[in-house]
Amino acid sequence: MENKPQVSQLDLRPTWDEYFLMLAKLAATRSSCLAFPVGAVIVKNKQVLATGYNGAPAGSPHCTTQGYCYPGLSSCDASTTLPSRAVHAEANAIAQAAKHGISTEGACIYVTLEPCLSCLKLVISAGIHEIYYETSFNSGEKALVRDSFIAEGLVTLKQIHLSETIAQKAASFLLNPTSIPGNKNF
């Protein structure tokens, strides 16, 4: 009988995709949008170039601060005529890179929610051709437009998920001190 080596918690490193998705999920915790907390991370050569999350434009009151997107609405998406005030996470990440003179040409982006068509077009125009996302968003005619961009070779999209083991390890790291000699919690 062959003995298989035991895999310790220390050997369980996230894949690069899991690592960057977790960073995007962490960025989403900064979201000031009441409807969709979304995070994004732009990456090139395994290095983070910029992060973004959705929320009101810089200098405008946050929806989380005032408790609404627009006065009188029960939620940000309750109106069929008023658009959300939020700048999307992907747009904020691209704007952050531009603000600091960082080229996104040839980079990829990790997002917690599949980009809407406007953000998809912005991502493509910013020279980002690989999108990794956690949750699907586009359907119907929107999916047809998305799929046409894929067929034209402008972009690839890949849905990814965190393994439960990696998510539990990350939660342990977030909840417990990690830089203590002899700490066996991870």
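Sequential numbering from 1 along the given sequence is applied to the chain's residues.
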By the definition side-chain contact (heavy atoms from CB on, under 4.5 Å), identify the one residue from Leu113, Leu21, Ile160 that meets it with Glu134. Leu21
The side-chain contact (heavy atoms from CB on, under 4.5 Å) partner of Ile131 among Ile124, Thr156, Ile150, Val155 is Val155
What are the two closest heavy atoms between Leu12 and Lys169, and how far apart are they? O-NZ, 2.7 Å
Listed once per pair and sorted, the side chain to side chain donor-acceptor pair (under 3.5 Å) pairs that draw on residues 90-112, sequence neighbours left out: Asp17-Tyr110
Counting N and O atoms only, with roles assigned by atom type, does the side chain of His129 sit under 3.5 Å from a partner on the main chain of Leu154, one being a donor and the other an acceptor? yes
Residue set satisfying side chain to side chain contact (heavy atoms under 4.5 Å, CB included) with Ser136, at least two apart, ordered chain then number -> Glu114, Tyr133, Gln159
Going by the angle between their ring planes, with limits at 30° and 60°, are Trp16 and Tyr19 parallel, tilted or perpendicular? perpendicular
Could you check if a side-chain atom of Cys116 sits within less than 4.5 angstrom of a side-chain atom of Phe137, using non-hydrogen atoms only? yes
Inspect the contact between Glu130 and Lys158 and indicate whether a charged nitrogen and a carboxylate oxygen are less than 4.0 angstrom apart. no
Partner residues of Gln168 under the side chain to side chain contact (heavy atoms under 4.5 Å, CB included) criterion, sequence neighbours left out: Glu164
With Lys44 via side-chain hydrogen bond (donor to acceptor under 3.5 Å, both in side chains) - residues at least two apart: none
Is there a side-chain contact between His88 and Leu122 (heavy atoms, below 4.5 Å)? no
Nearest-0.5 Å distance, CG of residue Leu174 to CE of residue Met22: 9.0 Å
Using side-chain heavy atoms (C-beta onward) and a distance below 4.5 Å, is Cys108 in contact with Tyr132? yes
Given 3.5 Å as the limit, does a donor-acceptor pair link the side chain of Asn54 with the main chain of Ala89, or not? no
Among residues at least two apart in sequence or on other chains, which ones pass side chain to side chain contact (heavy atoms under 4.5 Å, CB included) with Ala93? Ala40, Ile42
Given 3.5 Å as the limit, does a donor-acceptor pair link the side chain of Lys142 with the main chain of Leu117, or not? no
With a 4.5 Å cut-off on side-chain heavy-atom distances among I, L, V, M, F, W and Y, is there a chain of contacts connecting Phe20 to Ile128? no
Closer than 3.5 angstrom, by distance alone: can the side chain of Ser148 be matched with the main-chain N or O of Val145 as a donor-acceptor pair? yes
Evaluate the side chain to side chain contact (heavy atoms under 4.5 Å, CB included) criterion for residues Leu23 and Val48: first the C-alpha distance (whole Å), next the side-chain angles of each, then the deciding distance (0.1 Å), finally the verdict. CA-CA 9 Å; Leu23 292 178; Val48 173; 3.8 Å; yes
Looking at every heavy atom in both Ala28 and Gly39, which two are closest together, and how far apart are they? CB-N, 3.4 Å
Contact between Val43 and Leu49 at the side-chain level, heavy atoms closer than 4.5 Å - yes or no? no
Shortest non-hydrogen separation from Ser32 to Gly55 and the atoms involved: OG-CA, 3.3 Å
In one Ile/Leu/Val/Met/Phe/Trp/Tyr side-chain cluster, 4.5 Å: Leu26, Ile166: no
Could you state whether Ile94 and Val111 fall into the same hydrophobic cluster, counting links through intermediate Ile, Leu, Val, Met, Phe, Trp or Tyr residues with side-chain heavy atoms under 4.5 angstrom apart? yes
So, using ring pair (Phe, Tyr, Trp, His ring centres under 6.0 Å) as the criterion, who are the partners of Phe149 when residues are at least two apart? none
